[in-house]
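What follows is a set of notes on a single structure, which appears directly below.
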Protein chains: 2
Amino acid sequence: MASLLALLQPMRRIILYSIVLGLLLVLMQYVQYRFLFIRRADSVYTGIVAAVCCAAGIWGGWRWNYARRHTPAPELPLNLPNSAGTNTEAVIARLGLTPREVEVLQYLSKGLSNQEIADAMFVSLNTVKTHISNVFSKLDVQRRTQAIQKVKSLGLLSD
Amino acid sequence: MASLLALLQPMRRIILYSIVLGLLLVLMQYVQYRFLFIRRADSVYTGIVAAVCCAAGIWGGWRWNYARRHTPAPELPLNLPNSAGTNTEAVIARLGLTPREVEVLQYLSKGLSNQEIADAMFVSLNTVKTHISNVFSKLDVQRRTQAIQKVKSLGLLSD
DNA sequence: AAAGACCTCATACTTTCGGGTGATTTTACG
DNA sequence: CGTAAAATCACCCGAAAGTATGAGGTCTTT
């Protein structure tokens, strides 16, 4: 049984959302049964609806989760040799920048605010702050304007 | 007499600083006379010192004033044709940027903070804010990062 | 199974920015 | 000489940015 739980571990959030969605819809059915015109709905019908909605919840939860982590590159072009002659990926590797940090850096160097970056990346403002803070320390700068300068001088990103 | 005052008008600050410096040093002399070992210092000696210090005050005040307004261009290279093919001065004229605003913009695009710009230009933080605010409205941007982007896209400044 | 890298998010706090307004002082020019 | 543009500075206030700390969750590797 422990192995089963371990197997279900990565899907915990999906399952949670599914259950919540299912229960919510069961509640809706109940309310409809109690107060609206479909008075003859029996428990079987309710159960079927609940099952369908639960499935929908699973699908939706999976979709949501998948979209969050498998929507990698924005339309920002980069990678491969860059304008400064150096190899972009080599520079990134040398600085120890993670993919997410590079992504934040791209948006940042385009002049976006933290909130706008958060919206674009489907994460919270705090997460963006964390990424940016890490980027700053890795680039050895204090402000975003300095980060832009650094990025330009390093030939990172598209200019 | 009115014309004399008008003549002295531009030097008001210099005179003010001179007087303050002179009085301060007279006070120092007095204190030294009262409490330290040079008990035989007479009023003539004190007066000479005061006069010398007043002259020093005038010189210092002039220097300070002169340095403020005759230290024009920082080491930032620009002017004339730029990297983007357009004429830099023409762009500046089209945007209606004043010399001081261009100077601020240079420092800003180098990643300096407002306070650092103020220190570099020998003006107060508030003045820098005013300049930057005007620059933003003329560039039609809201943030300094966007201003940098704009400057880059317009081909202004070096780089 | 344990470890480490990454990602995510929160909370609290301080500092910096940016907008708005108003005022005085230089400077340049006709 | 007077006016207009530029430059200087101040004060207030809200928003944004940045710092520090802690804490889970996920995934890969050993």
Side-chain angles (χ1 to χ4, degrees), chain A residues 2-3 5-16 64-66 68-72 92-93 96-104 107-108 111-119 121-139 141-148, chain B residues 2-3 5-16 64-66 68-70 72 92-93 96-104 108 111-118 121-148:
Chain A
S3 60
L5 284 179
L7 229 175
L8 294 180
Q9 179 87 354
M11 310 171 66
R12 193 183 303 180
R13 185 177 293 159
I14 299 176
I15 295 171
L16 180 65
W64 180 79
N65 195 272
Y66 185 85
R68 282 176 68 88
R69 65 192 65 251
H70 290 288
T71 307
I92 292 175
L97 294 175
T98 68
R100 216 56 172 154
E101 288 167 355
V102 173
E103 200 175 342
V104 166
Y107 285 119
L108 187 148
L112 271 64
S113 68
N114 287 348
Q115 186 60 61
E116 289 169 341
I117 297 173
D119 294 340
M121 291 176 66
F122 298 101
V123 295
S124 80
L125 176 61
N126 292 309
T127 302
V128 172
K129 284 185 177 182
T130 301
H131 283 316
I132 288 183
S133 184
N134 291 333
V135 168
F136 284 177
S137 67
K138 288 178 181 176
L139 290 183
V141 296
Q142 282 73 44
R143 287 179 287 281
R144 53 179 49 220
T145 48
Q146 292 177 332
I148 295 177
Chain B
S3 60
L5 284 179
L7 229 175
L8 293 179
Q9 180 86 355
M11 311 170 64
R12 194 183 302 181
R13 186 175 292 157
I14 298 176
I15 294 172
L16 180 65
W64 179 79
N65 193 273
Y66 185 85
R68 282 175 67 88
R69 64 194 66 251
H70 292 287
I92 291 175
L97 293 174
T98 68
R100 214 58 170 153
E101 287 167 356
V102 173
E103 201 175 341
V104 166
L108 186 149
L112 271 63
S113 69
N114 287 347
Q115 185 60 62
E116 289 169 341
I117 297 174
M121 291 176 65
F122 298 101
V123 296
S124 80
L125 176 61
N126 292 309
T127 303
V128 173
K129 283 185 177 183
T130 301
H131 283 316
I132 288 184
S133 184
N134 292 332
V135 168
F136 284 176
S137 66
K138 288 178 181 177
L139 290 183
D140 191 31
V141 297
Q142 281 74 43
R143 288 181 286 279
R144 51 181 48 219
T145 48
Q146 293 176 332
I148 296 177

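Just so you know, these numbers come straight off a predicted model, no measurement behind them. Numbered from 1 within each chain, the chains take letters A, B, ... in sequence-line order.
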Please name all residues satisfying side-chain contact (heavy atoms from CB on, under 4.5 Å) with [X], sequence neighbours left out, ordered by chain then number.
| X | result |
| --- | --- |
| B:Ser133 | none |
| A:Gln115 | A:Ser113, A:Ala118, A:Asp119, A:Leu125 |
| A:Asn134 | A:Glu101, A:Thr130 |

Taking only heavy atoms on the protein side, list every residue of residues 126-135 of chain A lying under 4.0 Å from any atom of DNA chain C, sorted numerically.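 Those residues whose heavy atoms fall under 4.0 Å from DNA chain C, taken from residues 126-135 of chain A in numerical order, are A:Asn126, A:Thr127, A:Thr130, A:His131.
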Task: Between the first and last five pairs of the helix from C:dA1-D:dT30 to C:dG30-D:dC1, the angle of the axes, rounded to 10 degrees - done: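 The two end axes of the helix from C:dA1-D:dT30 to C:dG30-D:dC1 meet at 50°.
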Phosphate OP1/OP2 of [N]: any [X] side-chain N/O under 4.0 Å:
| X | N | value |
| --- | --- | --- |
| B:Arg144 | C:dG18 | yes |
| A:Asn114 | D:dA17 | yes |
| B:Arg100 | D:dT8 | yes |

Item to complete: Determine the contact category for B:Gln142: base if any of its heavy atoms lies under 4.0 Å from a base atom, sugar-phosphate if only primed atoms, P, OP1 or OP2 are that close, otherwise nothing.
Response: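 Sugar-phosphate contact only.
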Shortest non-hydrogen contact between A:Leu112 and A:Ile117, atoms and distance:
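Residues A:Leu112 and A:Ile117, closest heavy atoms: CB-CG1, 3.8 Å.
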Could you go through nucleotides 28-30 of chain D and list every protein N or O atom that sits under 3.5 Å from one of its N or O atoms, giving the distance for each pair?
none

Quick check on DNA chain C: between B:Arg143 and A:Lys138, whose nearest nucleotide comes earlier from the 5' end?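 The residue closer to the strand's 5' end, by nearest nucleotide, is A:Lys138.
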